[in-house]
> 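Got a structure for you, questions after.
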Amino acid sequence: MHNAEIARKFHELADLLEIQGANPFRVRAYRNAASIVEGSSRPLEDMVAEGEDLSAIKGIGNDLAGKIAELVETGNLPGLEALQKDMPAQLSELMRLDQLGPRRIRALNEELGVSSLKELKEVAEAGKIRKLAGFGARTESRILEEISKLSDRDHRTRLAEAEQVVGPLVAYLDKLDEISRIEVAGSYRRRKETVGDLDILVASENSKAVMERFTSHPEVAKVASKGKTRATVFLKSDLQVDLRVVKADSFGAALHYFTGSRAHNVAIRKMAGENGLKINEYGVYRGRKRIAGKTETEVFEQVNLPWIPPELRENKGEIEAAREGRLPDLVEESDIRGDLHMHTSATDGRNSLEEMVEAARRLGYEYIAITDHSRRLTMANGLDAKRLRQQIADIDKLNDELGDIRVLKGIEVDILEDGKLDLPDEVLNELDITVCSIHSRFELSEKQQTERVLRAMDNPRFNILGHPTGRLINTREAYQIDLEAIIEAAAERGCCLELNAQPSRLDLAGHYAGMLREAGVLGAVSTDAHATDHLRFMHLGVAQARRGWMEKKHLLNTRTLKQLQGILAR
DNA sequence: GCCGTTTTCGGCCCGACTGTTTTCAGTCG
């Protein structure tokens, strides 16, 4: 049983408990546990199997530890079955609808016998909901609207797409003279690989003018709510954008508050409480007196902490690290000396070798690697030994002409099903670098897939495992693979893992990057560019490295060319 | 249901907006 499934069961139990009217803090404990499980870098199943004490995890007590063990061992979550006997399990599904929370769902169930989405739709269409106390015609029509949107709701927006929306939107708002500061907060600022919505924070003394400008933006399809200090809109792309206006004196407190994560905020507020302070989005208060709030640094100072980079604010140890003065010195995009994965028009890239090199040179890189596909990927016109040798000759010639950038001869070679690499060692030996990737047989079992990669790593020509999970955000799940075993093997063999910076991949995000770092395996942040424009995705990969607490020293392509060559030689 | 360097009981983050009210409950973030 995967962590995600354990988390889903806990969420479901929390939903049903909440609808039933259980102690809200008990409900919170279950939700909190779900989020701990989701964020765990290790499968809880393994921890149970190894007899580890789950109650040692903060937020998991004796009761939950026992429930997790039973769930993992039997597939049953004690308590959930009992609840499901008393109430229809589909009720938790209704929680997915906006505007519908536990109280209303309970009312709908008790008054109208609603126990599923289908039944909800029927009573709404029959006009029965508007007659219930606390409901009205407005709510009824919104429920119908929500149901119709539900099917295409289930995806989050990729960070790169969000960036494309943010740029123009912020520029549009910033034209208003009344706005003194503007910042995008939320998971966007924490640089998560996907965002659920955008949270824009503005400092202004004239919130009315800001609200008017925001809600009348030409891309706004619908204004969901609009008050004096806060508004929510949906853009034509269906992306939700929340705007919050505060006075300049509160900007730092509000920025901290709206950057989150929620778990981080709760922890910080608790610390404030212990010091007799109260923190809200307007500032830090001692009694009724406001003592800080203009900058984020001020807010952190009040709880005796240095400023914490947003990428770390997940309440996964950053507060303790800050307190003990051991926050990491996170890698910056400017630390990157070269891009080690890109394609040319020889295979499925859009630009020629010369164009790719020129574009990389303009970015100021010291080196790059050309890594076209290998022969197995016929769809992409993959290179066989002969064509690869031609490219090697072309690159040698180019290197003779160029002074300021070194072009490494490489290949993105397929890892075949049996773990062999898709080109003979003789030709791989003529290269400076290999990126080894899986492009076929995604459906293999975890054991088979893992062994396939481990065998490939035994080849001393194996340098970097390309896009290690194979997931495509919102499109394709990661293949089943035991990354922990792979990372361990990489540490022994001197292999590296890629942090693929393609907007739809970003597949060593957050906790996997953390695993890499802890195991002492170097990450290679690479764009996998298929066109000169794609070289600019580097910052997305660097952001994921930062979310994994990585410093310059944890990455391969922050090294000098000489150091790099030493590592590639294994 | 969790947690504890004052606590094994009694707390648990808190403000904004909407819709349905006529002073507030429910929901959200």
> Does the base of B:dG1 carry an N or O that pairs as donor and acceptor with the side chain of A:Asn23 under 3.5 Å?
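Result: at least one qualifying N/O pair found.
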> Could you check whether A:Ala137 gets within reach of a base, just the sugar-phosphate, or nothing at all, counting any heavy atom under 4.0 Å?
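Result for A:Ala137 = sugar-phosphate.
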> If you check every side-chain atom of A:Tyr282, which of B:dA16, B:dG29, B:dT18 has the closest atom?
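Nearest listed nucleotide: B:dA16.
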> Send over the distance from A:Ile105 CD1 to B:dT27 P, rounded to a whole Å.
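That distance rounds to 7 Å.
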> Base, sugar-phosphate, or nothing: which does A:Pro24 touch, judged by heavy atoms less than 4.0 Å apart?
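Contact class for A:Pro24: none.
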> Hey, is A:Glu333 close enough to A:Arg191 for a salt bridge, meaning N to O under 4.0 Å?
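Salt bridge flag = no for A:Arg191 with A:Glu333.
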> Could you work out the separation of B:dT6 and B:dG1 based on their C1' atoms and round it to a whole Å?
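Each nucleotide's C1' atom is 23 Å from the other's.
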> If you measure from the P atom in B:dG11 to the same atom in B:dT22, how many Å do you get, rounded?
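Result for the P pair: 33 Å, nearest Å.
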> Does A:Phe214 have any ring pair (Phe, Tyr, Trp, His ring centres under 6.0 Å) partners at least two apart in sequence or in another chain, and if so, which?
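Ring pair (Phe, Tyr, Trp, His ring centres under 6.0 Å) check on A:Phe214 returns nothing, list empty.
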> State whether A:Arg230 and A:Glu281 are salt-bridged, where the test is any N-O pair (Lys NZ or Arg NE/NH1/NH2 against Asp/Glu carboxylate O) under 4.0 Å.
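No.
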> Take atom P in B:dT20 and the same atom in B:dG15, then report the distance between them in whole Å.
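Their P atoms lie roughly 26 Å apart.
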> Given the P atoms of B:dC28 and B:dT23, what is the spacing between them in whole Å?
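Here B:dC28 and B:dT23 have their P atoms 25 Å from each other.
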> Would you call A:Lys118 and A:Glu122 a salt bridge, using N to O less than 4.0 angstrom?
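Salt bridge present between A:Lys118 and A:Glu122.
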> Would you say the base of B:dG29 and the side-chain of A:Tyr257 have a donor-acceptor pair closer than 3.5 Å?
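Under the 3.5 Å cut-off, the side chain and the base do form a donor-acceptor pair.
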> Between A:Glu111 and A:Lys128, is there a side-chain N and carboxylate O pair less than 4.0 Å apart?
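A:Lys128 and A:Glu111: not salt-bridged.
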> Base, sugar-phosphate, or nothing: which does A:Arg262 touch, judged by heavy atoms less than 4.0 Å apart?
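Answer is base: heavy atoms of A:Arg262 come under 4.0 Å of a base.
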> How many whole angstroms separate atom CZ of A:Arg104 from atom C1' of B:dC24?
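Taking CZ of A:Arg104 and C1' of B:dC24, I get 12 Å after rounding.
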> Please report the distance separating the C1' of B:dA16 from the corresponding atom of B:dT8, rounded so that it comes out in whole Å.
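The answer is 37 Å between these two C1' atoms.
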> So does A:Lys222 pair up with A:Asp238, basic N to acidic O under 4.0 Å?
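No, this pair does not count.
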> Which part of the nucleic acid, if any, lies within contact of A:Phe10, taking any heavy atom under 4.0 Å across all strands shown: a base, the sugar-phosphate backbone alone, or nothing?
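Nothing, no nucleic acid heavy atom in range.
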> Near DNA chain B, counting only heavy atoms under 4.0 Å, which residues of residues 218-236 of chain A show up?
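Those residues whose heavy atoms fall under 4.0 Å from DNA chain B, taken from residues 218-236 of chain A in numerical order, are A:Ser225, A:Lys226, A:Gly227, A:Lys228, A:Thr229, A:Arg230.
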> Does any donor atom in the side chain of A:Ser55 or A:Asp53 lie under 3.5 Å from an acceptor atom in the other side chain?
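Yes.
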> Can you check the distance between B:dC12 and B:dC17, where both ends of the measurement are the P atom (answer in whole Å)?
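Taking atom P in both B:dC12 and B:dC17, they lie 25 Å apart.
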